[in-house]
Amino acid sequence: MSQVSRNLAAIKSTLPLGVELVAVSKFHPVEALREAYDAGQRLFGESRVQELVEKIPLMPDDTCWHFIGHLQTNKLKQLIGRVSLIESVDSIRLLDMIDSLSAERGVVSRVLMQVHVAAEETKFGFLPDELVAWFASRGFESLKATHICGIMGMATNTDDSERIAADFRLIADTRRRILDAAPDLRGFDILSMGMSDDYPLAVAAGSNLVRVGTAIFGPRQY
Ligand SMILES: *Cc1c(COP(=O)(O)O)cnc(C)c1O
């Protein structure tokens, strides 16, 4: 058994039924992804478009990809139609561009809206109130080829587990507030939160999609 498959088995044994695992493979060579694939992992997360499109043809056809990084609009053309979920929609302008490009290509894009609750300025995303207001004003109704499947968020990068848990509760609460504001939303089911250091806290707060890299593949070589 490879280290990667041992890590995967250890993580999966802690995840409750109904929580999906994205193996975050950014900066790792395709050999590492193959090890995970051979251990049964089919869902991978990448954060750079260039790296993703290089890896796609090198992996078996039934590999599923999530895009999880900040998305520059000039890279969209390479991405649309190639991933099963874009987890990191952080502006309405980006959402509109995803939608028009998807419509143009005759595909439906599945996306998550990224919520910003962490203390760091460097993280992208909508503030909770801003996102709830957008759903309340029914901005999603004009989408033609995009399905918003839920939200994604990250906790503050800290050792303070109280703070991390509070951040996750705030993200989970944002999803509930959105559903209250737009009760007819359908398929708004995904709550993506939790990384290597904090996924147990995220799952405790209701996450059903965790994005784990380092704990599977080891440290990244930047
Ligand atoms: C890199 C990354 C992860 C995985 O981080 P690890 O700490 O290596 O598990 C998860 N989510 C996002 C958005 C990332 O960019």
Side-chain angles (χ1 to χ4, degrees), residues 3-15 19-30 32-33 35-36 39 41 43-53 55 64-72 75 79 83-91 94-95 98 110-126 131 149-161 163-165 167-168 170-172 174-175 190-222:
Q3 187 61 48
V4 165
S5 67
R6 275 194 295 274
N7 292 344
L8 271 171
I11 293 163
K12 279 188 173 161
S13 73
T14 70
L15 295 179
V19 179
E20 250 201 301
L21 172 64
V22 181
V24 176
S25 47
K26 62 187 186 194
F27 293 94
H28 290 287
V30 119
L33 282 73
E35 281 181 25
Q41 182 68 26
L43 178 54
F44 294 84
E46 291 282 339
S47 62
R48 298 184 301 173
V49 173
Q50 189 57 40
E51 184 177 347
L52 172 66
V53 298
K55 282 173 171 171
C64 262
W65 302 95
H66 284 190
F67 190 81
I68 63 169
H70 176 60
L71 189 47
Q72 287 161 315
K75 301 277 169 67
L79 190 71
V83 293
S84 64
L85 187 66
I86 299 171
E87 295 203 22
S88 44
V89 173
D90 55 14
S91 73
L94 176 62
L95 179 67
I98 290 171
R110 298 170 67 247
V111 305
L112 304 181
M113 304 298 262
Q114 184 170 349
V115 184
H116 177 112
V117 300
E120 293 95 304
E121 287 290 326
T122 50
K123 294 200 168 109
F124 293 97
F126 299 89
L131 197 56
C149 301
I151 65 177
M152 183 272 259
M154 280 181 262
T156 303
N157 186 8
T158 171
D159 290 334
D160 178 359
S161 58
R163 174 65 204 252
I164 294 170
D167 283 354
F168 285 144
L170 194 53
I171 298 165
T174 304
R175 183 178 160 276
I190 301 179
L191 181 57
S192 173
M193 44 185 208
M195 318 194 339
S196 291
D197 289 336
D198 57 20
Y199 72 86
L201 290 171
V203 169
S207 170
N208 55 21
L209 186 64
V210 295
R211 310 173 310 270
V212 178
T214 310
I216 298 172
F217 298 111
R220 289 178 280 274
Q221 310 286 329
Y222 293 107

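Both counts, for ligands and for their atoms, begin at 1 and track the order of listing.
- Listed by chain and number, Val24, Lys26, Ile68, Met154, Met195, Ser196, Arg211, Val212, Gly213, Thr214, Arg220 each place a non-hydrogen atom less than 4.0 angstrom from ligand 1.
- Between Phe124 and His70, the ring planes lie parallel to each other; the angle is under 30°, not in the 30° to 60° tilted range.
- Considering only heavy atoms from C-beta on, Glu35 stays 4.5 Å or farther from Gln3 through its side chain.
- If you run salt bridge (charged side-chain N to carboxylate O under 4.0 Å, His left out) between Glu46 and each of Lys55, Lys75, Lys26, only Lys55 comes through.
- Every residue two or more places apart in sequence or in another chain that forms a ring pair (Phe, Tyr, Trp, His ring centres under 6.0 Å) with Phe217 is listed here: His28.
- The 12-atom threshold is not exceeded at CD of Glu20, counting heavy atoms of other residues, nucleotides or ligands nearer than 6.0 Å.
- At most 12 non-hydrogen atoms from other residues, nucleotides or ligands lie less than 6.0 angstrom from CD of Gln221.
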